[in-house]
Amino acid sequence: MDCKSTTPGSNPGAASYSYSDLELTVTSPVRVRFAPSPTGYLHVGGARTALFNWLVARRLGGVYVLRLEDTDTERNTDASVRTIYDGLRWLGLDPDEGPEQGGPKGPYRQSERDELYRGLADELLVRGGVYPCFCTKERLASVREKQIADRVTQRYDGLCRAVSREDAEARVKNGEPFTLRLKVPEGETVLPDLIRGEVRVKNEDIEDIILVRTGGAVVYNLAVVFDDHHMGVTHVIRGEDHLTNTFKQLCIYDAMGWTRPVFAHLPLILAPAGEGKLSKRKHPEAALEWYQRKGYPPEALLNWICLLGWSFDDKTEIMTREEMVERFSIDRVVKSGARLNLEKLDWMSGDYIRRMPLDRVVREITPYLVEAGFVASPPTADEATKIHAVAVAEQGRLRCFSQITELAGWVFAKTVAYEAKAAANLKKRPDTADLLRRYAAALPEPLFADGKALEAWARDWATASGLGFGDLVHPVRAALTGRAQGPGLFEVHLILGHATCVARLSSGAGAAAS
RNA sequence: GCCCCUGUCGUCUAGCCCGGUCUAGGACGCUAGGUUCUCAUCCUGGAAACACGGGUUCAAAUCCCGUCAGGGGUACCA
């Protein structure tokens with residue numbers, strides 16, 4: 001384990017940074033990390049944190065590492081680990097160092113670093129940063145209960161701080177179970193935050209939290225510090241929900257005599273309408289997988305997420321990944337929480353899809369058509385032709401790829417289902433059934449090779465029948481697609497082909513007459 | 001309860017640090033119209049915000065204080 005050989009106090013990169021010169025740092029290696037805990041899905045907010053870290057690393061020529069914070073063995077799952085890997089890969093945010101790719105500062109899962117932690121915890125104890133606590137869970141609970149009843153701040157009362165070193169050693173030797181608690185010093189702790197400026201807290205407001213559990217397992221707040229230090233992390237960029245933790249962690253850095261990294265606390269992402277942050281139960285859109293399943297282009301999602309809490313200027317909306325790298329800076333991150341705006345995502349995604357090469361659209365929509373049972377897997381040659389035509393016809397309307405099934409269902413349907421508006425279009429005039437039959441009979445099959453020619457013919461036919469073009473178009477569209485809107489009518493003709501058109505026109509006439 | 005963070009159109013934001021150029025800009029959405037066979041796209045227009053109250057100042061969205069509101073934290077979770 002490389003981390004073992006690193007001596008305390010040596011954090012090569014961090015020493016040269018102050019909180020104001022992140023942007024000036026070019027010569028020393030910047031190291032940032034994304035450190036999710038694999039206890040569920042990958043949160044959009046997590047994805048944004050990963051993105052911002054990645055951006056900082058790319059921008060400054062640094063290293064972006066992934067570390068799995070899996071010290072809570074109760075809640076970790078392998079499935080969750082996989083969604084993290086998948087999600088990051090999908091977004092193109094693969095780490096430079098991490099559990100999958102390895103690296104010089106591994107291992108990158110906290111569960112595999114226990115040995116390191118134990119040694120370091122011992123040292124922390126020797127340095128007086130931590131003290132043994134023999135309080136039972138029961139006593140802790142009753143203390144808390146009383147504090148609640150007295151409407152007084154809930155916090156460890158510090159009983160075991162008073163235990164003398166000799167007593168403590170004796171009790172430990174005696175086999176009495178104990179935890180290790182942070183010994184918060186007197187005074188005040190100041191956090192220079194890249195985004196928030198200086199945040200200060202009186203140390204009396206920092207609790208003597210448990211850092212090592214009964215049995216010796218370390219707790220998150222200790223593991224992060226040990227890891228960030230030994231992995232040479234220079235900038236800790238994470239969600240604001242960690243802000244209070246940071247003060248505890250700062251105490252640990254100081255107790256160990258280590259140089260503190262630079263911190264930046266990102267604003268939280270809030271639920272679209274309701275209050276509070278996104279929760280999985282109430283907000284499926286909290287999970288990155290939700291977007292993957294809906295088929296948003298990852299580059300669109302990245303663009304959207306990037307603009308959540310950060311902006312380049314007062315105009316810029318659409319950016320390539322390269323432009324993001326070029327323009328990103330942590331000091332343009334806003335301080336206030338951002339609500340998810342899914343309408344904006346739809347707009348942005350639609351824009352990306354519209355400007356995308358056609359073959360990509362074809363490739364992306366195919367799985368959804370397969371899943372819907374519209375085409376075989378893999379599609380037959382005929383179906384492939386159809387998919388291509390559908391892609392051409394609907395590219396301009398798609399907001400995400402999964403939408404293709406509702407947009408183009410009519411192409412693959414055996415029988416046409418009429419939407420309310422389409423049904424109305426079939427019945428607007430009493431002679432519609434007759435119109436549709438005459439139109440079907442007149443439809444010239446040879447013209448199905450050329451939409452323009454077919455349209456020209458149809459216009460003439462309408463005029464000759466004494467109809468406005470619209471009078472023809474609306475009922476025909478209804479009969480052909482069952483819908484009131486969609487691609488150009490003659491595009492529709494070509495996609496369906498002559499025989500299908502005639503059949504649907506005739507069914508449409510039936511529906512119009514009934 | 002206690003600690004911390006935040007507060008510009010419905011939403012994301014620019015502007016705030018270095019007060020006047022802000023009758024507060026952009027985007028999404030909404031809305032009126034134009035183009036088109038419909039929808040989408042595209043074009044043109046519109047409604048829409050400095051949380052509130054005090055200061056400081058010739059002048060405040062911009063500085064200070066208070067209030068209110070929202071958010072986060074408050075575990076032998078991360």
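Please read these numbers as outputs of a predicted model, since none were measured by experiment. Values below: all heavy atoms of this structure, side chains included; hydrogens, waters and symmetry mates excluded. Convention: sequence-line order gives letters A, B, ...; per-chain numbering from 1.
Here A/Thr39 lies out of heavy-atom contact (under 4.0 Å) with every strand. A/Lys137 comes within 4.0 angstrom of a nucleotide base, judged by non-hydrogen atoms across all strands. As judged by a 4.0 angstrom heavy-atom cut-off over every strand, A/Thr71 is placed among residues touching the sugar-phosphate backbone only. In this structure, A/Gln154 reaches the bases: a heavy-atom distance under 4.0 Å links it to at least one base atom across the strands shown.
Between A/Arg200 and B/rC5 there is no side-chain N or O to OP1 or OP2 distance below 4.0 Å. In this structure, A/Arg483 does not reach the B/rC39 phosphate: none of its side-chain N or O atoms is under 4.0 Å from OP1 or OP2. Contact annotation: A/Arg332 reaches the phosphate of B/rG15 (side-chain N/O to OP1 or OP2, under 4.0 Å).
Rounded to whole Å, the distance from CZ on A/Phe312 to P on B/rG26 is 18 Å.
Rounding to the nearest 0.5 Å gives a distance of 11.5 Å between NZ of A/Lys248 and OG1 of A/Thr189. A/Leu345 contributes atom CG, which lies 11.5 Å from atom CZ of A/Arg399 (distance to the nearest 0.5 angstrom).
Using P as the reference atom, B/rG10 and B/rU6 are 23 Å apart when rounded to the nearest Å.
When the nucleotides B/rC39, B/rC12, B/rG25 are ranked by their closest atom to the side chain of A/Asp314, B/rG25 comes out on top. Nearest nucleotide to the side chain of A/Ala338, out of B/rC37, B/rU13, B/rC76: B/rU13.
An aromatic stacking contact links A/His242 with the base of B/rA78, defined here by ring centres under 5.5 Å apart and ring planes under 30° from parallel.
Between the side chain of A/Asp351 and the main chain of A/Trp347, no donor-acceptor pair closer than 3.5 Å is present. Side-chain N or O atoms of A/Asp70 include one that pairs as donor or acceptor with a backbone N or O of A/Gln110 at under 3.5 Å.
When both distances must be under 3.5 Å, the Watson-Crick or G-U wobble mate of B/rU74 is B/rG1. For B/rU57, there is no paired nucleotide, since no Watson-Crick or G-U wobble pair has both relevant distances below 3.5 Å. Pair assignment for B/rA24 gives none, since no Watson-Crick or G-U wobble pairing has each distance under 3.5 Å. Remark: B/rA32 base-pairs with B/rU44. Criterion, Watson-Crick or G-U wobble with two distances under 3.5 Å.
No salt bridge links A/Lys335 with A/Asp193; every basic N to acidic carboxylate O contact stays at or beyond 4.0 Å.
Between the side chain of A/Asp241 and the base of B/rA78, no donor-acceptor pair of N or O atoms lies under 3.5 Å. With hydrogens and angles ignored, a donor-acceptor pair under 3.5 angstrom links the side chain of A/Arg75 to the base of B/rC77.
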